[in-house]
Amino acid sequence: MTHDGNAPVGAEVSSPPAGSAAPALPQESPAGSASGGTPVALRNDCPQPVPGDGSRPASADGGQPAGGSSFHEMWRELLPVGRHPDSRGYRRYAWTGADADCRAWFREQAEARGLAYEVDRNGNQWAWLGDPAAGDAVVTGSHLDSVPDGGAFDGPLGVVSSFAALDELRGRGARFAKPLAIVNFGDEEGARFGLACVGSRLTAGQLTVEQAHRLTDGDGVSLPQAMEAAGYDPEAIGPDPERLARIGAFVELHVEQGRALDLSGDRVGIASAIWPHGRWRFDFRGEANHAGTTRLTDRRDPMLSYAETVLAARREARLAGAVATFGKISVEPNGVNAIPSLVRGWLDSRAADQETLDTVVGGVEKAAREYATAHGVDLDVVRESFTPVVEFDHALRDELGRILGKDTGLTVPVLGTGAGHDAGILSGSIPTAMLFVRNPTGVSHSPAEFAAEDDCVAGVRALADVLEGLACR
């Protein structure tokens, strides 16, 4: 198959042999499933895969392997990629070596299953079953990049589960009435260039080419430079409405970033909405001076105003039932024995509705200006990014609930989230929905992020049920 739009330099496109059908996959019994055995926790510190020659079992006719990897096998293969030996967290940043390894893994999984593989103009990877030009496709997937020293599950769980769900459906002998695709969206976390969901934003036209070309990392490397170094054409990026028009529904599975499912006792939930959220930069400008010779009363120390603002953010969020975090700071001249001239801090705030978010951020800025005035410090506040509330498609959300409760009669919990996702970006263009898998600790964006294997397998089966209900006869 060919690209929809201009193919980036170095982009890969491959398809099954002409006239051949995608191979059927035998059903596999995940570890700890009903086939026997004790569930094994898929923690970040689980044993590394045993080194081997990289071969896979061949199909009966000596061609491509019939079954691909099980969820557990795929998980173990992906686990070491981009993992830092000291922090034990992940540093899978966009257009780096670790990102290239993740992308190679995705392509390998796609081709092992006889799927048509392609990279779109924005660097997002796609694996297709059926003809995408037929339209009304059902798409699932997530992302493989990480925040600095992030956990193993945020993003990769959705991608691994998508391939495993396809294996499950083929094992059931499912007959597909619509095209099905698995996607890995590029640079979802924004860890390198400071803007989340770059791949999906470009595709949906929510990030212009000019804006994307101005993005730079901490070393001054621009997004175009990084893409070109990785073998892709940055001049090809841009909106992709023809691709989006082929998609009838997008369902993203994700580890829950909170404890709602753990508290309710459910393994899987359905997302209702993504809270409105944004990032604001606070620049406190004072006067650099000697830390040992400058009297306290003579100082214009921006660190004091910043510190008080951090506490104000916590107070405003607590009073409003929202969240607010100063998680990143830059100090100049950044010397132990020097009073700073500039303290720059980034506020991340999220709330269940726009009015509450405005109240929190407004309260934080008001307090910051009062503190700055008291200490003789200048203050600039810049909103760097903002995403309004995202209500997932109600009809699709209700259909997911119907599918998952069809045989059990159970009501699957519906819950909101304060985290942004590619599904949220795409929701303005196509019907989207999300499934959450239980996270008993609630920890995310940390090496301590965790989900038990039996919960992960329950997520795979739930996703398979949903895909069967949406795409199969």
Side-chain angles (χ1 to χ4, degrees), residues 8-11 81-82 84 87 89-103 106 119-125 142-151 154-156 159 183-240 274 277-283 325-330 344-350 382-387 419-426 444-445:
V9 174
V81 179
H84 194 270
S87 70
Y90 289 86
R91 300 182 183 181
R92 296 167 172 164
Y93 306 149
W95 308 116
T96 64
D99 183 52
D101 290 342
C102 288
R103 296 168 70 83
F106 183 95
V119 179
D120 67 23
R121 62 191 303 167
N122 297 307
N124 306 310
Q125 295 179 287
S142 190
H143 63 95
L144 293 174
D145 66 313
S146 76
V147 299
D149 290 326
D154 183 352
V159 177
V183 62
N184 168 36
F185 283 109
D187 199 7
E188 193 272 353
E189 295 290 8
R192 183 173 182 185
F193 298 102
L195 179 66
C197 301
V198 170
S200 56
R201 284 183 192 272
L202 282 168
T203 300
Q206 296 185 23
L207 177 66
T208 68
V209 175
E210 294 75 16
Q211 290 170 330
H213 280 198
R214 289 198 297 267
L215 294 174
T216 58
D217 66 14
D219 295 322
V221 178
S222 69
L223 174 63
Q225 290 171 328
M227 289 186 68
E228 192 168 21
Y232 295 84
D233 181 9
E235 299 304 319
I237 65 174
D240 206 344
I274 298 176
H277 56 280
R279 298 176 182 180
W280 290 261
R281 192 186 75 232
F282 285 63
D283 294 344
T325 307
F326 276 98
K328 180 180 177 181
I329 183 173
S330 173
R344 176 170 287 152
W346 282 263
L347 171 70
D348 179 299
S349 189
R350 308 165 191 237
V382 178
R383 189 179 79 178
E384 291 194 337
S385 67
F386 177 74
T387 303
H421 301 280
D422 292 309
I425 299 298
L426 298 181
S444 187
H445 285 187

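- Side-chain contact between L195 and L215 is present, with at least one heavy-atom pair separated by less than 4.5 Å.
- Counting heavy atoms from C-beta outward, I237 and M227 have side chains that approach closer than 4.5 Å.
- Judged by distance alone, with hydrogens and angles left aside, the side-chain atoms of D120 form a donor-acceptor pair with the main-chain N or O of N122 at under 3.5 Å.
- The CG atom of L426 sits 8.5 Å away from atom SG of C197, with the distance rounded to the nearest 0.5 Å.
- More than 12 heavy atoms of other residues, nucleotides or ligands lie within 6.0 Å of CD in Q206, so this atom counts as buried by the packing criterion.
- Put simply, the side chain of T325 never gets that close to the backbone of G327: no donor and acceptor are under 3.5 Å apart.
- For the atom pair D283 CG and R344 CZ, the distance stands at 4.0 Å (nearest 0.5 Å).
- At least one side-chain heavy atom of R91 sits less than 4.5 Å from a side-chain heavy atom of D149.
- Panel note: side chain H421, backbone I274; no donor-acceptor pair is recorded below 3.5 Å.
- In this structure the side chain of I329 never reaches within 4.5 angstrom of the side chain of W346, judged on heavy atoms.
- Between S142 and D422 the shortest heavy-atom distance is O-OD2, 4.2 Å.
- W95 and A230 make their closest contact through CE3-CB, 3.6 Å (heavy atoms, listed as atom of the first residue, atom of the second, distance).
- The backbone N or O of Y90 sits less than 3.5 Å from a side-chain atom of S146, completing a donor-acceptor pair.
- Taking the side chain as every heavy atom from C-beta outward, D154 and H445 approach each other to under 4.5 Å.
- You'll find the side chain of R92 stays beyond 4.5 Å of the side chain of D99, heavy atoms only.
- Distance alone, capped at 3.5 Å, is enough to place a donor-acceptor pair between the Q211 side chain and the T208 backbone.
- Checked by atom type and distance alone, the side chain of D145 pairs as donor or acceptor with a backbone atom of E188 at under 3.5 Å.
- Side-chain atoms of R201 come within 3.5 Å of backbone N or O of A196 as a donor-acceptor pair.
- For the pair R281 and E384, the salt-bridge criterion is met [side-chain N within less than 4.0 Å of a carboxylate O].
- Taking the side chain as every heavy atom from C-beta outward, T96 and R192 approach each other to under 4.5 Å.
- Using a 4.5 Å heavy-atom threshold, the side chains of L223 and T216 count as separate.
- With values rounded to the nearest 0.5 angstrom, D348 atom CG is found 8.0 Å from W280 atom CH2.
- Partners of H277 by ring pair (Phe, Tyr, Trp, His ring centres under 6.0 Å), not counting sequence neighbours: none found.
- Listed by chain and number, the residues in a ring pair (Phe, Tyr, Trp, His ring centres under 6.0 Å) with F326 are F282, Y306 (sequence neighbours excluded).
- Residues T203 and N124 bring a donor and an acceptor atom of their side chains to less than 3.5 Å of each other.
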Practice item. Take V159 and F106 through the side chain to side chain contact (heavy atoms under 4.5 Å, CB included) test and state the conclusion after the steps. Key: CA-CA 8 Å; V159 177; F106 183 95; 3.9 Å; yes
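- Stacking of R103 on the aromatic ring of Y232 is recorded, both the 6.0 Å distance cut-off and the 45° axial limit being met.
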